[in-house]
Chemist: 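There's a structure below that I have some questions on.
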Amino acid sequence: VINSARSCVADGTCRECGCSCYQECNDRCPTDPLNDEDSDTLCANEDSCPADSENDVDSDEICLSEDSCPLDSANDEDSDNLCADVDSCSLDADNDGDSDFVCGDVDSCSEDSDNDADSDDICSQFDSCPADALNDADSDLLCLLEDSCPHDGLNDQDSDALCADVDSCPEDMDNDADSDELCHFEDSCPSDSANDADS
């Protein structure tokens, strides 16, 4: 006769009293009323996540039922409502806001899709001349692509098709017509190379 107050397991009677001790003797998790609910072969008393068969797969100490990002140990670090396993830019809340295929956390110009195209260390949204590395070197308010004379602030003042940086007489459209090495405004006789030699 089996004493129901005693334990079949503790008494070692599982083999002798198979029928009356069946449930107790075949209960792999005697202290777990749900008998390893998540089927991970760990009873609740030794299972850190008794309802999570993968037992906190991302090792963030949050079990599946409470983990908003079960495969992201940082749990959406950039707070963009995308877990790292599906977030193309897991540290950039704007997810490559300028669509240049460079995430904001490593993008030197996170709002410039051309990433400082002229390499002047000024991103386009702050660059007065985004395609001019010298940023209007002659200060004539014309960027390189619009400036016919990028090193001449007066843009060929004498209209001789020569910019001042290469024009021997930047204010003389005839460029010393008499070849006396005197520009028009210095030449008392602009058409006389001898400059009135008989005077």
Side-chain angles (χ1 to χ4, degrees), residues 56-62 67-199:
D56 183 21
V57 70
D58 62 1
S59 303
D60 61 359
E61 298 182 5
I62 302 172
D67 197 344
S68 58
C69 291
L71 299 176
D72 173 7
S73 61
N75 292 306
D76 185 22
E77 188 171 359
D78 61 2
S79 302
D80 62 356
N81 295 318
L82 291 172
C83 299
D85 56 309
V86 293
D87 192 345
S88 58
C89 292
S90 61
L91 297 176
D92 173 10
D94 292 326
N95 290 307
D96 184 21
D98 60 2
S99 303
D100 61 356
F101 302 102
V102 181
C103 295
D105 57 308
V106 293
D107 192 345
S108 57
C109 291
S110 60
E111 296 175 30
D112 174 6
S113 60
D114 292 322
N115 287 312
D116 184 21
D118 60 3
S119 303
D120 62 357
D121 294 325
I122 304 172
C123 299
S124 67
Q125 72 268 29
F126 306 113
D127 195 342
S128 57
C129 293
D132 176 1
L134 298 177
N135 290 308
D136 184 21
D138 59 4
S139 302
D140 61 358
L141 303 179
L142 292 171
C143 296
L144 182 64
L145 297 179
E146 301 140 5
D147 196 344
S148 58
C149 291
H151 299 287
D152 172 5
L154 297 174
N155 292 308
D156 186 20
Q157 178 183 7
D158 59 5
S159 303
D160 62 356
L162 291 171
C163 298
D165 56 321
V166 294
D167 192 344
S168 57
C169 292
E171 295 175 23
D172 175 3
M173 73 177 301
D174 293 320
N175 287 309
D176 183 20
D178 59 4
S179 302
D180 60 359
E181 297 184 5
L182 293 171
C183 295
H184 184 78
F185 67 93
E186 302 164 334
D187 195 343
S188 56
C189 295
S191 299
D192 175 5
S193 62
N195 287 312
D196 191 17
D198 61 356
S199 62

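Predicted, not measured: the structure shown is a model, and the values here were computed from it.
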Chemist: Look only at the side chain of D56 and the backbone of E61, and say whether a donor-acceptor pair between them is shorter than 3.5 Å.
Modeler: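 Such a contact is found between D56 side chain and E61 backbone.
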Chemist: Kindly give the heavy-atom pair with the smallest separation between A164 and P170, and that separation in Å.
Modeler: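 A164 and P170 have their closest heavy atoms at CB-CB, 4.0 Å.
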Chemist: Rounded to the nearest 0.5 Å, how far does CG of D147 lie from SG of C163?
Modeler: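 One gets 7.5 Å once the value is rounded to the nearest 0.5 Å.
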Chemist: How long is the straight-line distance from CG of D78 back to CG of D87, given to the nearest 0.5 Å?
Modeler: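 With rounding to 0.5 Å, CG (D87) is 5.0 Å from CG (D78).
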Chemist: For C169, is there any backbone N or O sitting under 3.5 Å from a side-chain donor or acceptor partner on D167?
Modeler: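 Such a contact is found between D167 side chain and C169 backbone.
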Chemist: Working to the nearest 0.5 Å, report the span between OG of S128 and CG of N135.
Modeler: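 Those atoms lie 4.5 Å apart.
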Chemist: Quick one: closest heavy-atom pair of N75 and D60, and the distance?
Modeler: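 That would be ND2-OD2, 2.9 Å.
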Chemist: For residues N155 and D140, report the shortest heavy-atom separation together with the two atoms involved.
Modeler: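 Nearest pair, atom of N155 first, then D140: ND2-OD2, 2.8 Å.
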Chemist: Taking all non-hydrogen atoms of both residues, which atom of D80 and which atom of D92 are closest, and how far apart?
Modeler: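 For D80 versus D92, the nearest heavy atoms are OD2-O, 3.9 Å.
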Chemist: Could you tell me which non-hydrogen atom of S88 sits nearest to which non-hydrogen atom of C103, and how far apart they are?
Modeler: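 For S88 and C103, the tightest heavy-atom pair comes out as O-SG, 3.6 Å.
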Chemist: With the side chain counted from C-beta on, respond yes when D132 and L145 share a heavy-atom pair under 4.5 Å apart, and no when they do not.
Modeler: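 Side-chain contact under 4.5 Å: no.
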Chemist: Find out whether L134 and H151 are in side-chain contact, i.e. whether some heavy atom of one side chain is under 4.5 Å from a heavy atom of the other.
Modeler: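 L134 vs H151: side chains touch.
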Chemist: With distance as the sole test, does D85 use its side chain to make a donor-acceptor pair with the main-chain N or O of D72 at under 3.5 Å?
Modeler: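 Between the backbone of D72 and the side chain of D85 there is no qualifying donor-acceptor contact (under 3.5 Å).
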Chemist: Look at atom CD of Q125 and say whether more than 12 heavy atoms of other residues, nucleotides or ligands are closer to it than 6.0 Å.
Modeler: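 Atom CD in Q125 is crowded, with more than 12 foreign heavy atoms closer than 6.0 Å.
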Chemist: Counting only N and O atoms by type, is there a donor-acceptor contact under 3.5 Å from the side chain of D174 to the main-chain atoms of D176?
Modeler: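 No.
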Chemist: Is the backbone N or O of D116 less than 3.5 Å from a side-chain atom of D114, with the two atoms forming a donor-acceptor pair by type?
Modeler: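 No, because the side chain of D114 does not come within donor-acceptor range (under 3.5 Å) of the backbone of D116.
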Chemist: Would you say CZ of F185 has more than 12 non-hydrogen atoms from neighbouring residues, nucleotides or ligands within 6.0 angstrom?
Modeler: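 Correct, the count exceeds 12.
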Chemist: With sequence neighbours excluded, tell me which residues meet side-chain hydrogen bond (donor to acceptor under 3.5 Å, both in side chains) with N175.
Modeler: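 If we apply the side-chain hydrogen bond (donor to acceptor under 3.5 Å, both in side chains) test to N175, skipping adjacent residues, the hits are D160.
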Chemist: Indicate yes or no: at least one non-hydrogen side-chain atom of E171 is less than 4.5 angstrom from one of Q157.
Modeler: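 Yes - at least one pair of side-chain heavy atoms lies under 4.5 Å apart.
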Chemist: Flag the pair D136 / D138 as yes when at least one side-chain heavy-atom distance between them is below 4.5 Å, and no otherwise.
Modeler: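 When only atoms from C-beta onward are counted, D138 and D136 do touch, with a gap below 4.5 Å.
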Chemist: Residues two or more places apart in sequence or in another chain: which of them pass side-chain hydrogen bond (donor to acceptor under 3.5 Å, both in side chains) with D112?
Modeler: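 S124.
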Chemist: If only atom types and distance count, is the side chain of D156 paired as donor or acceptor with the main-chain N or O of A161 below 3.5 Å?
Modeler: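 Pair found, side chain donor or acceptor close to backbone of A161.
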Chemist: Here's a test for you: under side-chain contact (heavy atoms from CB on, under 4.5 Å), which of D100, N115, I122 qualifies with C109?
Modeler: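 The option that passes is N115.
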Chemist: Is the number of heavy atoms from other residues, nucleotides or ligands within 6.0 Å of CD (E111) greater than 12?
Modeler: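 Counting neighbours around CD of E111, 12 or fewer heavy atoms of other residues, nucleotides or ligands fall under 6.0 Å, so no.
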Chemist: Between A137 and P150, which heavy-atom pair has the shortest distance, and what is it?
Modeler: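 So the minimum-distance heavy-atom pair works out to CB-O, 4.2 Å.
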Chemist: Atom OG of S90 and atom CG of D105: how far apart are they, to the nearest 0.5 Å?
Modeler: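 It comes to 7.0 Å.
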Chemist: Roughly how far, to the nearest 0.5 Å, is OG of S110 from CG of D96?
Modeler: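 Going from the CG atom of D96 to the OG atom of S110 covers 9.5 Å.
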